[in-house]
Structure formats: C-alpha cells, structure tokens
Amino acid sequence: MSIARADGGLDLTASVPAGGGAVRPTRFTVTGRAPTGTRFSVADSHNVTVTAPAGAAIDVRLTAGSWSAQAQVPAGATRSFTKPVTGPVTPTTDLARGRTTFPTSPLPAGMGEPSHAVDGNPGTSWRPGPNGRMVVDLGTSRTVAAVSLTWTSGTRRAVRVETSTDGTTYSNFSGPFSARYIAVAVPGWTTGDAEIVELSVTA
C-alpha cells in the first residue's frame, strides 16, 4: 500500500512472505498530485484501489503499460480500477505458475508448447496432440490440495492427473498429497478439441 505525503512523495508498505523476496517492475504509475493521505492499494498487476482522504477529492491518472485511467474519487470515498487482463496476473498462489514443463523440444507430433499451460497468460494454451501428456515440475515437493484446469472452447476430453515425488513413479491424484511433479494426460484428444489454457496447482 502507498500513502501520499504532504511533499508529494509516497510512503510504501509492502509485505513479503517469510523466506521469500522478489523485485518486480512498476505496476502502476500515478500522474498528478494526490492529496496528503491518499491511499493506493495494489492487489496484483491488474487491480488497484484508490481511497481519498476525508477532506479532499482525488483527480489523478493511473498508468500501466499502454493502459491508463483517470482516477476521480470523492473525498472519503474508495474506487477500484482494473487493467484488462492480457497477460499474467501477479502475485499468485498457483504453485505451477512459470515452472519448468516437459516434454521440451522436439515435441511429439501435434503437441503444442506445454509451458503455455503455466505461463498465466489467458491468450495462450497447451495443445495436447494425440494422447498428449505434459508434466510440470514444482521445483520441490509440496503439499498439493487441488489441480485445476481451464480450457478453451471445444470438446473437453477426459483427463488423467497424476503426481510424483521423483519424476519416475506416478500415481493418480485423488486429494491432498505431497508431490513435486504433476502430470496431465489427455487420451483421445483430436484436432479441434479444447486446449488447456491454464494448469493451476494450489496447496
């Protein structure tokens, strides 16, 4: 969260999980002078909430890449602004986001790039190909509570989700389980069937 100061600067408050840290590019830029006490709360790379102090209204411009919006907020009020989702939303609780996937090049005939299922981009998807199977490496063994799939339009084939701790021996996933590798197989897939936009893994 950022709070506007009387000198025009911002006091920034950030929370970082224990044992972790990352440097991220600027998500939103504020143009114009915000009244002292204005609060900017950034939930993720696509959502920001602006709260005006009790005694002053706000009129500033928010910018994120090519997107911008005029933030006009009455005194004491709160308004939320959302940048259209055209890429990954960060941060995320998805354990699979951006992780290494298999197979790698050369891919089996008819298969698309497996990493498209974990890049967080709604505009990309993994095409399984005939009897396609992909694996995502979570980096270390984690307690996996759920594996969710988001599809494009088209016929959705039955899938088989498997987990493994060593990348060699796999078992069907049936609930909370410790695993490092998550495999998704789509037997019977044919051209024109739905593709997987996102493979999401949560603890």
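We count residues from 1, following the sequence as given. Scope of the values below: all heavy atoms of this structure, side chains included, with no hydrogens, waters or symmetry mates.
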Check each of V201, I182, L95 against R142 using the side chain to side chain contact (heavy atoms under 4.5 Å, CB included) test, and report the only one that passes.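 By the side chain to side chain contact (heavy atoms under 4.5 Å, CB included) criterion, R142 pairs with just one of V201, I182, L95: L95.
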Spacing of [atom1] belonging to [X] relative to [atom2] belonging to [Y], to within rounding of 0.5 Å:
X: T100; Y: Y181; atom1: OG1; atom2: OH; answer: 9.5 Å
X: Q72; Y: D59; atom1: CD; atom2: CG; answer: 4.5 Å
X: D166; Y: R180; atom1: CG; atom2: CZ; answer: 10.0 Å
X: E113; Y: T101; atom1: CD; atom2: OG1; answer: 5.5 Å
X: N47; Y: K83; atom1: CG; atom2: NZ; answer: 11.0 Å
X: F173; Y: S164; atom1: CZ; atom2: OG; answer: 13.5 Å

For W151 and I196, run side chain to side chain contact (heavy atoms under 4.5 Å, CB included): C-alpha distance rounded to whole Å, both residues' side-chain angles, the deciding distance at 0.1 Å, then the answer. CA-CA 5 Å; W151 300 79; I196 296 178; 3.7 Å; yes
Least distance between heavy atoms, [X] atom then [Y] atom:
X: G110; Y: P130; result: CA-CD, 4.4 Å
X: A179; Y: T165; result: CA-CG2, 4.3 Å
X: P187; Y: A158; result: CD-O, 3.8 Å
X: P53; Y: P35; result: CG-CB, 3.9 Å
X: P114; Y: M134; result: O-CE, 3.7 Å
X: V118; Y: R99; result: CG2-O, 3.7 Å

Taking C-beta and beyond as the side chain, do N121 and H116 meet within less than 4.5 Å on heavy atoms? no
With a 4.5 Å cut-off on side-chain heavy-atom distances among I, L, V, M, F, W and Y, is there a chain of contacts connecting [X] to [Y]?
X: V73; Y: V48; answer: yes
X: V30; Y: W67; answer: yes
X: M111; Y: L199; answer: yes
X: L149; Y: V135; answer: no
X: V42; Y: F81; answer: yes

Which side chain to side chain donor-acceptor pair (under 3.5 Å) pairs, counting each pair once, include a residue from residues 183-203, with sequence neighbours left out? R97-E198, S125-E195, R157-D193, T190-D193
Pairwise side chain to side chain donor-acceptor pair (under 3.5 Å) hits with a residue in residues 126-135, at least two apart: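 Sorted result for residues 126-135: R133-E162.
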Tell me whether T51 contacts the main-chain N or O of T78 through its side chain, where contact means a donor paired with an acceptor under 3.5 Å.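 Not a single qualifying donor-acceptor pair exists.
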Between V50 and V60, does a side chain to side chain contact (heavy atoms under 4.5 Å, CB included) hold up when you go through it step by step? CA-CA 10 Å; V50 183; V60 296; 5.6 Å; no
